[in-house]
Amino acid sequence: MAMMIGGETGVAPRDGAPRTYTAALVVLATVFFMWGFATVLNDILIPHLKSAFELDYAQVLLIQFVFFLAYLVMAMPSAKILERTGYKLAVVIGLLGMAVSAAGFIPAAMLESYGLFLVALFLLAASITLLQVAANPYVSVIGPPQTASSRLNLVQAFNSAGTMLAPLFGSLLILGHSPTNTARHTLHLSAAQRAAGVHTVELPYAIIALVLLGLALLVWRVRLPDLGRETRRTARAERAQHSLWRHRNLVFGVPAIALYLICEVGIGSTLVNFMSMPLIGALSHARAADYLTLYWGGAMAGRFIGSWFLRWMRPQRVLATVTVGALVLVGLAIVSSGHVAMWSLLAVGLCNSIMFPTIFTLGIRGLGPLTEEGSGLLIMAIAGGALAELQGVLADSIGLHLSYLLPWVCYGYVLFYALWGYRARGAVHDEQLSAS
């Protein structure tokens with residue numbers, strides 16, 4: 001393997017001349033944007049389909065359950081696809097899968113079938129899983145390991161830009177055109193009005209499908225450098241000499257990702273309904289969706305800021321700081337009401353910002369030839385978002401307000417990881433990469 005150069009976006013190829021990866025990172029930032037955009041539209045679908053199909057919280061949060069279940073089912077198969085195809089083709093396949101899945105929302109709406117919506121969401125998430133498995137480790141390993149957290153946070157900021165704009169898009173084209181757009185009294189709507197509400201998803205997801213097809217073509221035409229066979233698939237004999245279970249940072253990092261996703265998904269999925277409660281904000285769903293943009297906008301701003309701080313601060317210290325902030329804010333939302341509770345939960349987005357990419361890079365640190373397998377496990381842990389269904393069960397039994405005790409407890413584990421669980425044992429010397 002060739003020696004890595006000092007710049008964090010380049011390596012020394014076979015001819016000895018430095019090669020930069022700026023173009024690759026720009027293209028990948030666009031991919032990160034689109035899967036963030038598609039994922040957070042679930043936060044609009046939840047209040048929308050809850051009204052249109054007359055669902056309770058447990059039923060409607062099946063949207064997130066089936067979506068994140070795909071990560072559990074598809075993470076390791078996606079790693080195998082990556083081994084066979086390489087990074088570029090894996091990204092193209094993932095984007096095409098997303099496009100087909102988004103188009104699947106059209107027949108689901110035409111048939112007014114909640115079950116078909118869930119199938120389309122599962123397939124959409126399965127395609128995003130392939131993108132996650134390919135893109136996250138790619139960004140992490142194309143520069144020096146000491147700035148991997150900074151680099152991944154920077155690219156993940158564009159993912160957050162997608163999550164910030166998605167609620168505006170959904171509010172305008174879904175909630176804004178639906179007769180089910182109201183904070184209360186949805187039970188008085190007629191069957192025809194509810195059906196009309198279901199059909200409002202057709203145009204937005206048709207637009208998304210077309211954009212994804214265009215992006216897949218762009219990725220296919222633009223050169224996305226491979227990192228060489230050695231960095232994509234180490235020989236079986238070499239991998240057999242190492243064990244993932246010797247790496248404490250990975251073993252504790254997998255549940256840290258899973259529990260963090262419960263927090264991010266549970267809060268984001270219920271914020272519109274929370275802000276619509278009379279004792280909180282008494283907002284319509286469309287108006288609450290506009291405020292939801294601030295939650296995801298905080299995550300975007302935090303990642304840009306965090307990528308700068310992480311260039312000179314230890315990532316575990318930054319992770320611990322923002323986790324303490326999340327614990328304080330969620331606790332305040334639980335014990336208060338009105339705008340204090342509302343703005344406390346909205347501000348949690350800023351604290352969430354750097355958590356996933358920082359846990360991810362701490363989790364794969366020192367894995368050496370096991371990096372791909374470790375990355376697959378961490379991506380699989382995103383399935384923890386499916387357990388946000390538990391918050392729906394809690395909301396139906398003890399009320400939406402108190403259901404935020406679940407993410408509060410989960411943040412406690414993330415703090416444990418930031419203080420102690422991140423420490424690597426049995427680290428393998430960092431792999432040196434070469435472009436193929």
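These numbers come from a predicted model, not from an experiment. Residue indices begin at 1 and follow the sequence shown.
In this structure, Y295 and N352 have side chains that are in contact, with non-hydrogen atoms separated by less than 4.5 Å. In this structure, the side chains of N273 and K50 come closer than 4.5 Å at one or more pairs of heavy atoms. Inter-residue side-chain proximity for T270 and Y404 is flagged as met; some heavy-atom pair is nearer than 4.5 Å. The closest side-chain heavy-atom distance from V272 to Y291 is not below 4.5 Å. Two residues are said to be in side-chain contact when any heavy atoms from C-beta on lie closer than 4.5 Å; M300 and N159 fail this criterion. Taking the side chain as every heavy atom from C-beta outward, V40 and P167 approach each other to under 4.5 Å. A 4.5 Å side-chain heavy-atom check between M275 and L346 finds at least one atom pair inside the cut-off. Within the 4.5 Å cutoff, the side chain of L121 has heavy atoms near those of the I63 side chain.
At distances below 3.5 Å, at least one donor-acceptor pair connects side-chain atoms of T163 with backbone N or O atoms of S160. One N or O on the side chain of S284 and one on the backbone of R287 form a donor-acceptor pair closer than 3.5 Å. In this structure, S127 contributes its side chain and L123 its backbone to a donor-acceptor pair below 3.5 Å. W408 places a side-chain N or O within donor-acceptor distance of the main-chain N or O of L327, the cut-off being under 3.5 Å. For the pair H401 (side chain) and A333 (backbone), a donor-acceptor distance under 3.5 Å is present. Using modelled atom types, no side-chain atom of N249 and backbone atom of R423 make a donor-acceptor pair closer than 3.5 Å. With hydrogens and angles disregarded, no donor-acceptor distance shorter than 3.5 Å links the side chain of D290 to the backbone of L168.
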Test side-chain contact (heavy atoms from CB on, under 4.5 Å) on F122 and F67 and set out the steps. CA-CA 5 Å; F122 179 87; F67 190 89; over 6 Å; no
Passes side-chain contact (heavy atoms from CB on, under 4.5 Å), M76 versus M380? Steps please. CA-CA 7 Å; M76 299 315 291; M380 183 184 292; 3.1 Å; yes
Please determine whether side-chain hydrogen bond (donor to acceptor under 3.5 Å, both in side chains) holds for the pair T200 and H48, giving the CA-CA distance in whole Å, both sets of side-chain angles, and the decisive distance to 0.1 Å. CA-CA 10 Å; T200 58; H48 178 64; 3.2 Å; yes
Given the rule in the side-chain contact (heavy atoms from CB on, under 4.5 Å) test, do F158 and V31 qualify, once you have shown the distances and angles that lead to the verdict? CA-CA 9 Å; F158 291 92; V31 174; over 6 Å; no
With side-chain contact (heavy atoms from CB on, under 4.5 Å) as the test, would you mind laying out the steps for F252 and Y422 before giving the verdict? CA-CA 7 Å; F252 287 120; Y422 75 90; over 6 Å; no
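Between the CZ atom of F117 and the CG atom of L124 there is a distance of 12.5 Å, given to the nearest 0.5 Å. Atoms CD1 and CG, on I44 and L292 in that order, are 5.5 Å from each other to the nearest 0.5 Å. The CD1 atom of I334 lies 4.0 Å from the CG atom of L405; values are rounded to the nearest 0.5 Å. The OG atom of S51 lies 9.0 Å from the CG atom of L175; values are rounded to the nearest 0.5 Å. To the nearest 0.5 angstrom, S403 atom OG is 6.5 Å from L394 atom CG. Between the CG atom in L406 and the CG atom in L387 there is a gap of 8.5 Å [rounded to 0.5 Å].
Nearest heavy atoms, I379 versus Y71: O-CD2, 3.7 Å. Across every non-hydrogen atom of T129 and S78, the tightest pair is CG2-OG, 3.9 Å. Nearest approach of L310 to P315, heavy atoms of both residues: CD2-CA, 3.3 Å. Listed here is the closest heavy atom pair of A299 and S353: O-CB, 3.1 Å. Heavy-atom minimum distance, S276 versus L283: OG-O, 3.1 Å. Closest approach of L95 and V219 over heavy atoms only: CD1-CG2, 3.8 Å.
Judged by the 6.0 Å distance and 45° axis criteria, R303 is not positioned over the aromatic ring of W308.
In this structure, the ring of Y417 has its center no less than 6.0 angstrom from the ring center of W420. A centroid separation of less than 6.0 Å is found between the aromatic rings of F37 and F169.
The local environment of CZ in F65 is sparse, with at most 12 non-hydrogen atoms from other residues, nucleotides or ligands closer than 6.0 Å.
Here the options are I359, V322, L419, T358, the test is side-chain contact (heavy atoms from CB on, under 4.5 Å), and the partner is V414; only I359 passes.
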Please report, to 0.1 Å, the donor-acceptor pairs under 3.5 Å made by any side chain of residues 202-215, with sequence neighbours excluded.
| residue | atom | partner | partner atom | Å |
| --- | --- | --- | --- | --- |
| E202 | OE2 | H199 | ND1 | 2.6 |

